[in-house]
Structures are given as C-alpha cells and as structure tokens.
There are 2 protein chains.
Amino acid sequence: MQQAITIGSVSQASGVKVPTIRYYEQIGLLPAPSRTEGNRRSYDHRDLERLTFIRHSRELGFEIDEIRTLLTLHDRPDQSCEDADAIASKHLVDVKQKIASLTALQHELERMVEGCSHGRVETCKVIDILADHGKCRFHGE
Amino acid sequence: MQQAITIGSVSQASGVKVPTIRYYEQIGLLPAPSRTEGNRRSYDHRDLERLTFIRHSRELGFEIDEIRTLLTLHDRPDQSCEDADAIASKHLVDVKQKIASLTALQHELERMVEGCSHGRVETCKVIDILADHGKCRFHGE
DNA sequence: CTTGCTCCTCTAGTCGCTAGAGGATGTACG
DNA sequence: CGTACATCCTCTAGCGACTAGAGGAGCAAG
C-alpha cells in the first residue's frame with residue numbers, strides 16, 4: 001500500500017489547483033484515485049508525478065489532447081517516440097509563428113504609442129491607425 | 001437615406017464573419033441596424049467603418065472591453081486621447097511580456113526536439129524533460 | 001414555380017478552467 | 001468531549017469570444 005496524499009497536498013506539491021485536479025479527473029486526464037473511508041481522494045506518488053507532468057506540459061503550452069498523447073507515450077517507454085517528437089515539433093512551429101506575429105504587433109503598437117500626440121483624439125495615432133487599416137503595417141497571424 | 005448593405009456584404013467587406021457580426025450586435029459592440037421589410041439587417045457605410053475598426057483592433061489583440069472604450073473615444077474626437085494611449089501602452093507591455101515568455105519556450109522546445117533520439121520513448125528528450133521539471137530551463141509565465 | 005442561396009432566431013457547444021452554493025468530514029485546542 | 005475552523009465533497013453555472021447547427025423564411029434567377 002502506497003502512502004496516501006490528500007488533494008490539498010498533491011495540489012501544493014504539483015502546483016495545480018484543487019478544482020483543476022478534480023477537473024482533470026473529470027475529463028479523464030488523471031485517473032480517479034482511491035478514496036478514504038470518509039470519501040476523500042487519496043493520491044500516491046505516481047499521481048503526483050503525473051500531475052507534475054501535466055502542469056509542466058500546460059506551462060509549455062501543450063493542449064489537453066496533446067498531453068493525453070504525451071502521457072500515454074510516457075507510460076509506454078518501449079514505444080517509438082515519433083509521436084512525441086511530432087507533437088513537440090508542431091508545437092515549436094506554432095510558437096515560432098506566434099512570436100513572429102507578436103513581434104510585428106509589437107512594432108505596430110510602438111508606432112501607435114510613440115505617435116500619440118498626448119492631446120485630443122482627433123490627432124491621436126492610436127485611434128487613427130485602428131480606424132484606417134491602410135495606415136497599419138501589421139498584417140500578421 | 002444611406003445605401004443599404006446586407007450582412008453578407010458587410011461581412012465580406014470587413015472580414016468579420018456573419019455570425020460574429022450578429023454576436024457583436026448581441027453584446028452591444030455594434031449598434032443594431034435598421035431592418036428591411038423582410039426583417040433583414042440593413043447596414044450603412046458607418047457600420048462598415050465601425051466593423052473594420054473592431055476587426056482591426058481584434059487582430060491587434062485588444063479585448064472586447066478595450067475595443068468598447070476605443071470605439072467611444074473614436075466617436076468623440078474632441079476628447080483627450082489619454083485613455084486610448086493608456087490602453088495601447090498597457091497592451092504593448094503585455095505583448096512584450098508574451099514575446100519574452102514564448103521565446104524562452106521556443107528555446108526549451110528546440111532543446112527537446114533536437115535532443116530527441118528518434119528512437120524509443122525511453123531515451124526521448126521530449127518525454128524526459130516533460131516528466132522531470134528539474135531538467136527544464138523554462139520557468140516563464 | 002422551383003431551385004438554391006442568403007437570411008432569420010434560437011440553443012448549445014468549444015477550451016480550460018474558475019466560482020460559488022450547500023453540505024460532510026477531519027483536526028487542533030481548551 | 002465539545003467546538004471552531006480548515007479542508008474536503010458534489011453540483012451547477014460562468015468566463016471570453018466566438019462557432020455550429022437546427023429549423024424556418026425571404027429573395028433572385030431560370
């Protein structure tokens with residue numbers, strides 16, 4: 001029998017909030033743990049590992065469905081890691097894309113803010129650029 | 001009387017999808033237009049301008065509530081543009097933050113993908129780094 | 001007159017949680 | 001042993017910004 005950890009402790013240790021843990025159980029991302037006599041969830045070391053894996057993956061921006069796949073792979077160390085590689089690579093492409101887009105956006109916002117007359121709206125670059133798409137140099141996404 | 005534009009045309013011209021236009025009307029971002037005899041929405045040039053302003057603002061990542069304020073400012077050109085400037089500046093800070101965070105993330109993902117053995121999960125850096133937070137260099141927002 | 005497109009309203013679903021109600025259980029202290 | 005308080009339980013509803021789909025009406029062309 002493993003040591004029993006309460007949901008509060010596993011929350012603290014993993015950095016995942018209590019309601020979020022219950023939510024993960026509900027959507028089948030985290031297996032439903034055993035219960036104590038008083039009906040409380042009782043986690044063990046493996047659950048904590050799994051939760052940490054999930055939190056870390058979420059921090060890195062992976063979607064729940066991707067994490068589902070990554071977790072399955074994690075559980076089967078003898079399989080090919082092709083899928084994991086594909087998920088991470090695809091994600092990397094997305095992230096690079098997003099950075100490029102946000103950088104263009106940053107320049108446009110800088111142009112807006114720097115060009116602001118700090119006077120009346122009439123002569124304000126912020127509103128001006130928003131109103132007239134032709135004046136904007138940002139065409140990202 | 002202004003020229004009447006159908007929701008389909010105003011959608012095409014503004015680049016905002018038809019259901020989204022109706023949604024904007026519902027949440028009070030776009031004023032409810034007049035209707036034809038057959039109960040169809042009838043837009044004019046000013047509506048198109050407003051929608052374009054909204055789409056452009058959304059593309060630049062502003063939230064609906066921010067756009068509400070920006071639109072009000074746009075409608076009152078004699079007011080101070082202090083508020084618009086504040087919204088754009090705050091947004092700029094957020095964007096910069098996001099870029100920094102995503103760049104850190106990019107490096108971590110690159111490390112994962114480059115370190116992938118392309119073999120079995122057992123020796124895969126992707127899964128390895130996800131499983132062990134200590135091996136990760138990304139601690140961003 | 002019929003085909004097929006656009007339009008209408010309405011409800012419900014998406015994602016990844018978060019908030020709150022209303023109640024049971026567990027623990028620390030006097 | 002009682003009581004206060006923290007933590008837990010389930011359940012439902014809400015967030016933002018849409019998107020999807022049902023079921024029906026209107027309209028223009030052939």
Side-chain angles (χ1 to χ4, degrees), chain A residues 3-30 32-44 47-48 50-71 87 91 94 98 141, chain B residues 4-30 32-44 47-48 50-71 87 90-91 94 98 141:
Chain A
Q3 60 194 342
I5 319 173
T6 66
I7 196 169
S9 309
V10 93
S11 164
Q12 272 227 311
S14 66
V16 181
K17 290 182 195 157
V18 170
T20 306
I21 295 172
R22 288 196 277 248
Y23 167 72
Y24 286 160
E25 180 183 326
Q26 192 189 299
I27 62 168
L29 191 62
L30 195 69
S34 55
R35 300 285 184 124
T36 66
E37 273 185 50
N39 197 35
R40 274 132 197 257
R41 287 169 179 84
S42 175
Y43 297 96
D44 62 22
D47 294 315
L48 175 54
R50 206 174 167 88
L51 250 187
T52 308
F53 187 105
I54 294 169
R55 202 217 50 185
H56 192 192
S57 303
R58 285 294 300 143
E59 256 173 23
L60 289 172
F62 290 99
E63 290 169 16
I64 299 282
D65 266 5
E66 291 172 332
I67 299 174
R68 244 181 254 275
T69 309
L70 291 171
L71 275 170
I87 290 175
H91 191 48
D94 289 354
K98 213 165 219 166
E141 169 62 351
Chain B
I5 318 174
T6 66
I7 197 169
S9 309
V10 92
S11 166
Q12 272 228 311
S14 67
V16 181
K17 289 181 196 159
V18 170
T20 307
I21 296 173
R22 288 196 278 248
Y23 167 71
Y24 285 161
E25 180 182 325
Q26 193 189 296
I27 62 168
L29 191 61
L30 195 67
S34 55
R35 299 287 182 123
T36 66
E37 272 184 51
N39 197 33
R40 277 139 194 248
R41 286 169 179 84
S42 175
Y43 296 95
D44 62 22
D47 295 313
L48 176 54
R50 205 173 167 90
L51 251 186
T52 308
F53 187 106
I54 294 170
R55 201 217 52 185
H56 192 192
S57 303
R58 285 295 299 142
E59 255 173 24
L60 290 171
F62 290 100
E63 290 168 16
I64 299 283
D65 265 4
E66 290 172 333
I67 299 174
R68 244 181 253 275
T69 309
L70 291 171
L71 274 170
I87 290 174
K90 187 197 162 292
H91 191 46
D94 289 354
K98 213 166 221 165
E141 158 63 350

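The chains referred to below are lettered A, B, ... by the order of the sequence lines, with proteins before strands, and numbering in each begins at 1. When reading the values below, keep in mind they use all heavy atoms of this one structure, side chains included, and skip hydrogens, waters and symmetry mates. Because the structure is a prediction, the values reported are computed rather than measured.
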Using modelled atom types only, decide if a donor and an acceptor are shared between the side chain of [X] and the backbone of [Y] within a distance under 3.5 Å.
| X | Y | value |
| --- | --- | --- |
| His91(B) | Glu66(B) | no |
| Ser11(B) | Val16(B) | yes |
| Arg41(A) | Ile7(A) | no |
| Asp44(B) | Asp47(B) | yes |

Could you state the [atom1]-[atom2] distance from [X] to [N], rounded to the nearest angstrom?
| X | N | atom1 | atom2 | answer |
| --- | --- | --- | --- | --- |
| Glu66(A) | dC15(C) | CD | C1' | 13 Å |
| Ile67(A) | dG16(C) | CD1 | C1' | 10 Å |
| Phe62(A) | dC15(C) | CZ | C1' | 17 Å |
| Glu63(A) | dT14(C) | CD | C1' | 12 Å |
| Arg55(A) | dC17(C) | CZ | C1' | 16 Å |
| Glu37(A) | dG26(C) | CD | P | 8 Å |

Could you check whether [X] gets within reach of a base, just the sugar-phosphate, or nothing at all, counting any heavy atom under 4.0 Å?
| X | value |
| --- | --- |
| Arg22(B) | base |
| Thr6(A) | sugar-phosphate |
| Ile7(A) | sugar-phosphate |

*asked:* Could you work out, with ring pair (Phe, Tyr, Trp, His ring centres under 6.0 Å) as the rule, every residue matching Tyr24(A), not counting sequence neighbours?
replied: none
*Tell me, please, the opening and closing nucleotides of DNA chain D, 5' to 3', among those with an atom under 4.0 angstrom from a non-hydrogen atom of chain B.*
dA17(D) to dC27(D)
_Any residue meeting salt bridge (charged side-chain N to carboxylate O under 4.0 Å, His left out) with Arg40(B), in chain and number order, not counting sequence neighbours_ = none
*Please name the pair of heavy atoms, one in Val10(B) and one in Ile5(B), separated by the smallest distance, quoted to 0.1 Å.*
N-CG2, 3.8 Å
*asked:* For Thr36(A) and Ser42(B), find the nucleotide of DNA chain C closest to each by heavy atoms; which residue's nucleotide sits nearer the 5' end?
replied: Ser42(B)
*Roughly how far apart are Thr69(B) OG1 and Phe62(B) CZ, rounded to 0.5 Å?*
11.0 Å
_Atom pair CG (Leu71(B)) and CZ (Arg50(B)), whose distance is rounded to the nearest 0.5 Å_ = 4.5 Å
*List for me each residue that meets side-chain hydrogen bond (donor to acceptor under 3.5 Å, both in side chains) alongside Arg22(B), sequence neighbours excluded, and say none if there are none.*
none
_For a 4.5 angstrom cut-off between non-hydrogen side-chain atoms, does Thr6(A) reach Thr36(A)?_
no
_Those residues of residues 13-21 of chain B lying under 4.0 Å from DNA chain D by at least one heavy atom_ = Lys17(B), Thr20(B)
I'd like a table of atom pairs between the protein and nucleotides 22-25 of chain C - only N or O on both sides, under 3.5 Å - with the distance next to each one.
unit_1: dT25(C); atom_1: O2; unit_2: Arg40(A); atom_2: NH2; d: 3.1

*Counting only side-chain N and O atoms of Tyr24(A), is one of them less than 4.0 Å from OP1 or OP2 of dG16(C)?*
no
